[in-house]
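The structure under discussion appears below in the form of structure tokens.
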Amino acid sequence: MHQLVKVQNFAVSGDGFGAGEGQSRERPFGHADPGSMFAWAGATASWPNRTDPGGSRGLDDYFTRDFAHNIGAEIMGRNKFGPQRGPWQDHDWRGWWGGEPPFHTPVFVLTHHPRPSFTLSDTTFHFVDGDPATVLAQAREAAQGRDVRLGGGATTIREFLDADLVDTMHVAVVPAVQLGAGVRLWVSPDELLDRFHLEVVPSPSGVIHHLFWRR
């Protein structure tokens, strides 16, 4: 059975940015407001951090619920893991997520400065320096037959797109958010139509779901 490489629930602004400028410990998305970028998912019944009953059903809820389905490993860029640049100065930093990361699989963090792996709850983070194909081979082995999720950020997704290693992609475009600068996934989703089919599905929440699958 073919292991898919999937981008799931990746949110971008109406002008194509996955994150803003000026990332810090206090601002993982730079000048972008994650509350605005991910409000569509946070409002659903299946949002994992929901503390009150209720929440929306429908398309947004389906994508939120499907996030972990058949995922055996995740690949992410270093900037998704944390704000440090260059050699690791702070090994006490273990990601934005606290002691219970939401991945529940091995996670491969792309970095030119490897550090020892560590485990938090049921998630093990590995820090790897390699080209996309090499890292994907490691992730596929760790996934044990299940799919590999490409978690972002936008730079990492572009690297895997440029290497033609992405099978399917779900991008939630948030037209109400215009960032103007930051880390861009695309100028227009039409850039990918030479290699992907595209279905565009608007949601009542105001986001527009873009579903890509390989031609």
Same apolar cluster: [X] and [Y], side chain cutoff 4.5 Å:
X: Y62; Y: V174; answer: yes
X: L136; Y: V107; answer: no
X: L161; Y: V148; answer: yes
X: I157; Y: V128; answer: yes
X: L150; Y: V135; answer: yes

Between [X] and [Y] (side chain of the first, backbone of the second, donor and acceptor by atom type, cut-off under 3.5 Å), is there such a pair?
X: H31; Y: E21; value: yes
X: T123; Y: H104; value: yes
X: W40; Y: V173; value: no
X: T111; Y: P114; value: no
X: R115; Y: H91; value: yes
X: Q23; Y: G30; value: no
X: R78; Y: G86; value: yes

Assess whether atom [atom1] of [X] is packed by more than 12 heavy atoms of other residues, nucleotides or ligands within 6.0 Å.
X: Q144; atom1: CD; result: no
X: E141; atom1: CD; result: no
X: F118; atom1: CZ; result: yes

Query raised in the report: Do the ring centers of F103 and W97 come within less than 6.0 Å of each other?
Result: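 Judged by ring-centre distance (under 6.0 Å), F103 and W97 do meet the cut-off.
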
Of the non-hydrogen atoms in [X] and [Y], which two are nearest, and what is the gap between them?
X: Q3; Y: D167; result: O-OD2, 3.9 Å
X: A154; Y: F10; result: N-CZ, 3.6 Å
X: G20; Y: A32; result: N-CB, 3.8 Å
X: R158; Y: L192; result: NH1-CD2, 4.3 Å
X: H170; Y: H209; result: NE2-ND1, 2.8 Å
X: D147; Y: A143; result: O-CB, 4.1 Å

[X] side chain near [Y] side chain, heavy-atom distance below 4.5 Å:
X: V5; Y: R140; result: yes
X: S56; Y: T44; result: yes
X: H113; Y: R85; result: no
X: K6; Y: N70; result: no
X: I208; Y: P175; result: yes
X: T156; Y: M76; result: no

Taking [X] as the fixed residue, which of [options] is the one that meets the ring pair (Phe, Tyr, Trp, His ring centres under 6.0 Å) rule?
X: F127; options: F108, W93, F81; result: F81
X: W186; options: F212, F196, F17; result: F212
X: F38; options: F29, F63, W47; result: F29

**Report entry** Set of residues satisfying side chain to side chain contact (heavy atoms under 4.5 Å, CB included) with respect to D52, sequence neighbours excluded
**Finding:**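 So D52 forms a side chain to side chain contact (heavy atoms under 4.5 Å, CB included) with R50.
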
Query - Qualifying residues under side chain to side chain contact (heavy atoms under 4.5 Å, CB included), relative to E159, sequence neighbours excluded - result: L110, P132, T155

Query raised in the report: Would E100 and S121 count as having a side-chain donor-acceptor pair, cut-off 3.5 Å?
Result: yes

Query - Reference residue S46; test side-chain hydrogen bond (donor to acceptor under 3.5 Å, both in side chains); the match among D60, D66, D61 - result: D61

Query - Worked check of salt bridge (Lys or Arg N to Asp or Glu O under 4.0 Å) between D15 and R184 - result: CA-CA 8 Å; D15 50 354; R184 195 165 218 158; 5.0 Å; no

Query - Reported CE-to-CD distance for the pair M169 and Q8, which is rounded to 0.5 angstrom - result: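 These two atoms lie 12.5 Å from each other.
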
Query - Reported OG-to-CG distance for the pair S36 and L179, which is rounded to 0.5 angstrom - result: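 Rounded to the nearest 0.5 Å, the OG-CG separation comes out at 9.5 Å.
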
Query raised in the report: Under a 4.0 Å N-O cut-off, is there an ion pair linking R215 with D194?
Result: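 So R215 does not pair with D194 through a salt bridge.
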
Query - Within 45° cone of F67 ring axis and under 6.0 Å: R149 NZ or CZ - result: yes

